Structures are given as structure tokens and as C-alpha cells.
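For the single chain, residues carry numbers from 1 onward in sequence order. Here the structure is a predicted model, which means the values were calculated and not measured.
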Amino acid sequence: MVDRTGRKPLFNDPNLRGIVYHTIRFCDYYSFEYSEVKSHPDIPLLKIETDYTRSSGGQLQTRLEAFAEEIQSTESARHHHAGQNAAHQPRTQTAYFAGIDSGSTSTDVVILDGTGRIIGRTVIPTGAGARISADKALQQALRETNLRREDIRRVVSTGYGRAAIQDSDQSITEITCHAKGAHFLDPSVRCVIDIGGQDSKVIVLDESGQVAGFVMNDKCAAGTGRFLEMMAGTMEMSLDEISRHGLKYREDITISSTCTVFAESEVVSLIAENKDTDDIVHGLDKAVASKTASLVARAGGSAPFMMTGGVAKNKGLVRALTKELKSAPIISDMAQLCGALGAALYAAEL
């Protein structure tokens with residue numbers, strides 16, 4: 001761990017395409033070396049800190065795949081500027097492409113025609129199986145657009161259940177797809193904030209919309225949609241109900257714990273003290289906003305921001321996050337469908 005001689009030649013390899021820097025949690029031996037490696041921004045870098053358990057295998061896979069996609073997109077952009085890009089198939093209005101975002105809470109589908117116009121969209125709750133939910137969502141979108149499955153030239157899947165979807169031509173991580181969708185919706189966006197059901201992601205974009213870096217909260221439910229879902233259950237409310245509270249608060253309550261379990265105990269105590277519902281929800285919104293803002297700082301994100309995912313509908317949380325970031329994030333009416341939109345855009349480019 002202390003001896004760096006075996007690693008130095010790897011860092012200095014002229015053919016180096018990227019660095020996955022894996023450290024052991026709570027170990028400080030690597031800090032000085034990592035600071036040195038990080039000082040070379042021309043090489044893509046992903047730092048992973050684990051304790052060698054397998055509890056976060058799915059999130060770890062997403063981070064590694066997204067990092068590989070980041071490297072590939074960077075190299076593709078270089079070839080494009082050098083005039084070496086491959087010719088794409090000509091687009092026609094009668095060609096159709098679909099993107100499926102298999103999330104832990106909802107499964108979303110977007111259908112594009114050959115000109116890039118959105119002609120179909122659907123959102124359904126994710127059931128017990130990702131593949132079944134994906135099939136249902138795609139069939140619903142096809143019915144609404146009067147299309148058949150054979151009319152769809154290509155399908156790209158994304159989201160936590162992307163690997164389970166058999167009816168797709170390729171799977172791409174939600175990090176890459178959210179970046180693609182956000183840039184399509186507003187090319188000025190430089191930082192995408194996706195508070196998902198299982199994890200939260202902050203994605204930094206360059207001027208061309210390519211992923212320049214990302215950070216994930218994948219070790220704890222705090223600051224995720226799951227956190228809000230659990231707190232809503234504690235308060236005997238639905239997610240939709242809790243999203244409508246917190247705007248008319250009177251007491252500025254602070255939920256001090258960042259741990260979901262301890263935060264739930266705080267909420268129970270506040271309920272026992274007969275605190276107003278809006279005041280408690282405001283405290284929860286602040287807690288999530290603070291956690292999210294720290295991710296933005298870690299990623300080096302800057303305005304303009306865009307929030308994607310279903311949590312973007314939570315006005316109280318958006319207001320709390322605006323205060324933390326000192327900048328109002330852009331909220332598109334396609335926010336929840338941003339991942340599926342990005343997947344559909346990639347389907348059109350394959």
C-alpha cells in the first residue's frame with residue numbers, strides 16, 4: 001500500500017486511456033498519491049472506495065460502465081473533430097426509435113421518429129420484474145402512437161434494470177443517457193442532478209453535452225428517492241402528497257441526521273411533538289438538498305443546473321436545492337423521461 005513503484009509506470013504509460021483508482025474505505029495511505037493523480041485532468045479518472053463487500057454491486061457496475069462510456073465518448077468526439085467519424089444512416093421520418101428507462105420506482109419509454117421528434121411517451125410503476133414492466137411500458141407507448149413493435153428500428157435500454165430487458169439492441173447506463181437527454185432538452189446545461197429511487201447522481205457536462213465527470217451517492221439511501229419514500233411512509237403520506245407539502249412552512253426545522261434510520265427517528269419525535277406537517281417536510285427537503293449540494297461540490301458542478309427524474313416534481317425540494325446551490329435548476333416537463341429520452345436518442349444514432 002505504501003510502495004508506489006509498481007503503480008508509477010502505469011500512470012506514465014503514454015497509451016493510458018483512463019484510471020480506475022480503487023481505495024479501501026477509511027484508509028489514508030492513498031490520499032497523497034490520489035491528489036497527484038487527480039492533478040492531471042487530461043486523463044479520465046474514476047475513484048472507487050469500497051470495503052470489499054458485494055452489497056453495492058449494481059451501483060459499482062453502473063459507475064464502471066458509465067466511466068467506460070465516458071472514455072469512449074471522449075475518444076469518439078476527438079475522431080469526429082478529426083474528420084474520422086463513421087457515416088450515420090440517413091434519417092427519415094418513417095424510422096422510429098425507442099428508449100426504455102427501467103428505474104426502481106417507474107419504467108419510462110420514449111419513442112422518436114427519424115427526425116428526432118418525440119412522438120410517444122409513457123410512465124408506469126415498476127412492478128416485481130424489470131423485464132415485464134419494460135414490455136408493458138413499451139406496448140403502451142406503441143398503442144398510443146399507433147405503431148407496432150416491428151416498426152421500431154432500434155431499442156436502447158437504461159436504468160438499474162437495463163440488463164434484464166431482453167427486447168433491446170443495446171444497454172447504456174443512466175448516467176450517459178441522462179446527460180444525452182438533458183443536453184437535447186437544453187444545450188446550455190452544464191450539470192445534471194438526478195435524485196433517483198436507489199441512488200443520486202450528479203453529472204458534469206462539457207459544451208458538446210459529453211460527460212466530463214460524475215459522482216454517485218451509492219452507499220446510503222440518504223438523499224435519494226428511497227429516503228423520501230420512507231419518510232412519507234413514516235408520516236402516513238404518499239410520495240405525491242409529501243411533494244405538495246413544505247412550501248408553506250412556518251418553523252425552519254433542521255433534520256440533523258444524514259442517516260435514514262436516525263432521520264426516521266427524528267421525524268417520529270417531531271410528530272410526537274405535534275409539529276406541523278409542512279415544517280417537518282421542509283426539514284426533510286433541506287436534508288436532501290444539503291446532501292445533493294455536497295455531491296455537486298464533489299463533482300465540481302456549476303450552473304446552469306438541470307434536475308431530472310421524478311423527484312424534480314417536488315417543488316419544496318426544488319426550492320430548498322435552489323437555496324443550497326444559489327441557482328435555480330432548470331425543470332423540464334420531460335424531467336422524469338430524461339433517461340428514456342437519452343436512450344432513444346442513442347438508439348437513433350447507432
Side-chain angles (χ1 to χ4, degrees), residues 101 103-106 108 121 123-125 174 178 181-182 185-186 188-203 217 221-255 258 260 263-264 266-267 270-271 275-297 301-341:
D101 184 0
S104 60
T105 303
S106 69
D108 318 323
R121 64 180 82 174
V123 176
I124 68 170
E174 56 268 39
H178 275 265
L185 294 171
D186 191 330
S188 71
V189 171
R190 292 295 173 268
C191 184
V192 181
I193 300 169
D194 174 34
I195 302 178
Q198 290 189 324
D199 50 44
S200 295
K201 312 170 192 69
V202 173
I203 310 160
N217 170 33
T224 68
R226 178 60 177 160
F227 173 84
L228 293 173
E229 184 179 3
M230 292 178 66
M231 296 305 108
T234 301
M235 300 180 69
E236 298 183 349
M237 302 167 66
S238 67
L239 275 173
D240 185 57
E241 288 173 326
I242 201 172
S243 69
R244 296 197 297 267
H245 285 274
L247 291 170
K248 299 180 180 179
Y249 71 94
R250 289 175 295 179
E251 182 180 352
D252 190 10
I253 290 176
T254 297
I255 306 295
T258 57
T260 302
E264 186 175 18
E266 284 191 60
V267 170
L270 291 169
I271 293 172
K275 295 293 185 180
D276 189 77
T277 298
D278 275 88
D279 297 342
I280 299 174
V281 173
H282 170 65
L284 293 170
D285 288 340
K286 283 203 309 177
V288 175
S290 176
K291 187 82 172 178
T292 304
S294 68
L295 288 179
V296 172
S302 59
F305 301 101
M306 174 179 280
M307 278 190 72
T308 62
V311 179
K313 298 178 181 179
N314 189 320
K315 294 182 179 179
L317 177 54
V318 171
R319 186 169 72 173
L321 186 57
T322 297
K323 186 175 181 180
E324 288 282 347
L325 298 176
K326 298 180 175 56
S327 176
I330 298 167
I331 310 293
S332 168
D333 61 354
M334 288 284 292
Q336 186 167 357
L337 290 157
C338 192
L341 172 60

**Q** To the closest 0.5 Å, what do you measure between CD1 (Ile255) and CG (Leu270)?
**A**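 Reported to 0.5 Å precision, the distance equals 5.0 Å.
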
**Q** From Ser200 OG over to Phe227 CZ, what is the distance, rounded to the nearest 0.5 angstrom?
**A**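 The OG atom of Ser200 sits 11.0 Å away from the CZ atom of Phe227.
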
**Q** With sequence neighbours left out, what residues match Lys275 under side-chain hydrogen bond (donor to acceptor under 3.5 Å, both in side chains)?
**A**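 Testing Lys275 for side-chain hydrogen bond (donor to acceptor under 3.5 Å, both in side chains), a comparison that skips the adjacent residues, returns Glu251.
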
**Q** Quick check: closest heavy atoms across Gly301 and Cys191, and the distance to 0.1 Å?
**A**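 In this case the closest contact between Gly301 and Cys191 is CA-SG, 3.9 Å.
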
**Q** Given side chains that start at C-beta, do those of Thr105 and Pro125 come closer than 4.5 Å, heavy atoms only?
**A**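 Side chain of Thr105 against side chain of Pro125, heavy atoms only: no contact under 4.5 Å found.
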
**Q** Which atom names give the shortest non-hydrogen contact between Asn314 and Ile242, and what distance separates them?
**A**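 For Asn314 and Ile242, the tightest heavy-atom pair comes out as ND2-O, 4.4 Å.
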
**Q** Quick one, Val311 and Leu239 - any side-chain contact, counting heavy atoms below 4.5 Å?
**A**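 The answer is no; the side chains never approach within 4.5 Å.
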
**Q** The criterion is side-chain hydrogen bond (donor to acceptor under 3.5 Å, both in side chains); which residues satisfy it with Glu264, sequence neighbours excluded?
**A**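 Glu264 satisfies side-chain hydrogen bond (donor to acceptor under 3.5 Å, both in side chains) with Thr234 only.
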
**Q** Is any side-chain N of the basic residue among Asp194 and Lys201 closer than 4.0 Å to the acidic one's carboxylate O?
**A**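 Here Asp194 pairs with Lys201 in a salt bridge, since their nearest N and O are under 4.0 Å apart.
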
**Q** Can you name the closest pair of heavy atoms from Val267 and Met235 and give their distance?
**A**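 Shortest heavy-atom contact: CG1-CG, 3.8 Å.
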
**Q** Output a table of donor-acceptor pairs, distance under 3.5 Å, between side-chain atoms of residues 324-337 and any protein atom two or more places apart or on a different chain; print 'none' if there are none.
**A**
from, atom 1, to, atom 2, distance (Å)
Ser332, OG, Met334, N, 3.0
Gln336, OE1, Lys313, NZ, 2.9
Gln336, NE2, Ser106, OG, 3.3

**Q** Measure the spacing between NE2 of His178 and SG of Cys338 and express it to the nearest 0.5 Å.
**A**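 Output value for this atom pair is 6.0 Å.
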
**Q** State which residues pass side chain to side chain contact (heavy atoms under 4.5 Å, CB included) with His282; sequence neighbours excluded, sorted by chain then number.
**A**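 Partners of His282 under the side chain to side chain contact (heavy atoms under 4.5 Å, CB included) test: Tyr249, Asp252, Lys286.
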
**Q** For Ile253, is there any backbone N or O sitting under 3.5 Å from a side-chain donor or acceptor partner on Asp279?
**A**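 Flag not set: sc Asp279 to bb Ile253 has no pair under 3.5 Å.
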
**Q** For residues 228-240, which residue pairs qualify under salt bridge (Lys or Arg N to Asp or Glu O under 4.0 Å), counting only residues two or more places apart or in two chains?
**A**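 Those involving residues 228-240 are Arg226-Glu229, Asp240-Arg244.
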
**Q** Return the CG to CE distance between Asp285 and Met231, rounded to the nearest 0.5 Å.
**A**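 Separation between the atoms: 12.5 Å.
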
**Q** Could you check whether His245 and Thr277, counting side-chain N and O atoms only, form a donor-acceptor pair closer than 3.5 Å?
**A**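 No donor-acceptor contact under 3.5 Å links the two side chains.
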
**Q** Using side-chain hydrogen bond (donor to acceptor under 3.5 Å, both in side chains) as the criterion, list what pairs up with Asp101, not counting sequence neighbours.
**A**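 Applying side-chain hydrogen bond (donor to acceptor under 3.5 Å, both in side chains) to Asp101 gives none.
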
**Q** When you measure from the side chain of Arg319 to the backbone of Leu247, do you find a donor-acceptor pair of N or O atoms at a distance under 3.5 Å?
**A**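 Confirmed, Arg319 side chain pairs with Leu247 backbone.
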
**Q** Compare all side-chain heavy atoms of Leu321 with those of Val318 and state whether any distance is below 4.5 angstrom.
**A**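 Heavy-atom side-chain distance check fails, nothing below 4.5 Å.
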
**Q** Quick one: pull up CG in Leu295 and CD1 in Ile203 and give me the separation to the nearest 0.5 Å.
**A**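 Answer rounded to 0.5 Å: 11.5 Å.
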
**Q** How would you list, by chain and number, every residue that makes a side-chain hydrogen bond (donor to acceptor under 3.5 Å, both in side chains) with Ser294, sequence neighbours excluded?
**A**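 For Ser294, no residue satisfies side-chain hydrogen bond (donor to acceptor under 3.5 Å, both in side chains) once neighbours in sequence are set aside.
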
**Q** Quick one: are Thr224 and Asn217 in side-chain contact, heavy atoms under 4.5 Å?
**A**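 When only atoms from C-beta onward are counted, Asn217 and Thr224 do touch, with a gap below 4.5 Å.
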
**Q** Hey, are the side chains of Ile195 and Ile193 touching, using non-hydrogen atoms and a 4.5 Å cut-off?
**A**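 Touching, per the 4.5 Å side-chain cut-off.
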
**Q** Give the minimum heavy-atom separation between Ala182 and Met306, together with the two atoms involved.
**A**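 Ala182 and Met306 have their closest heavy atoms at CB-SD, 3.6 Å.
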
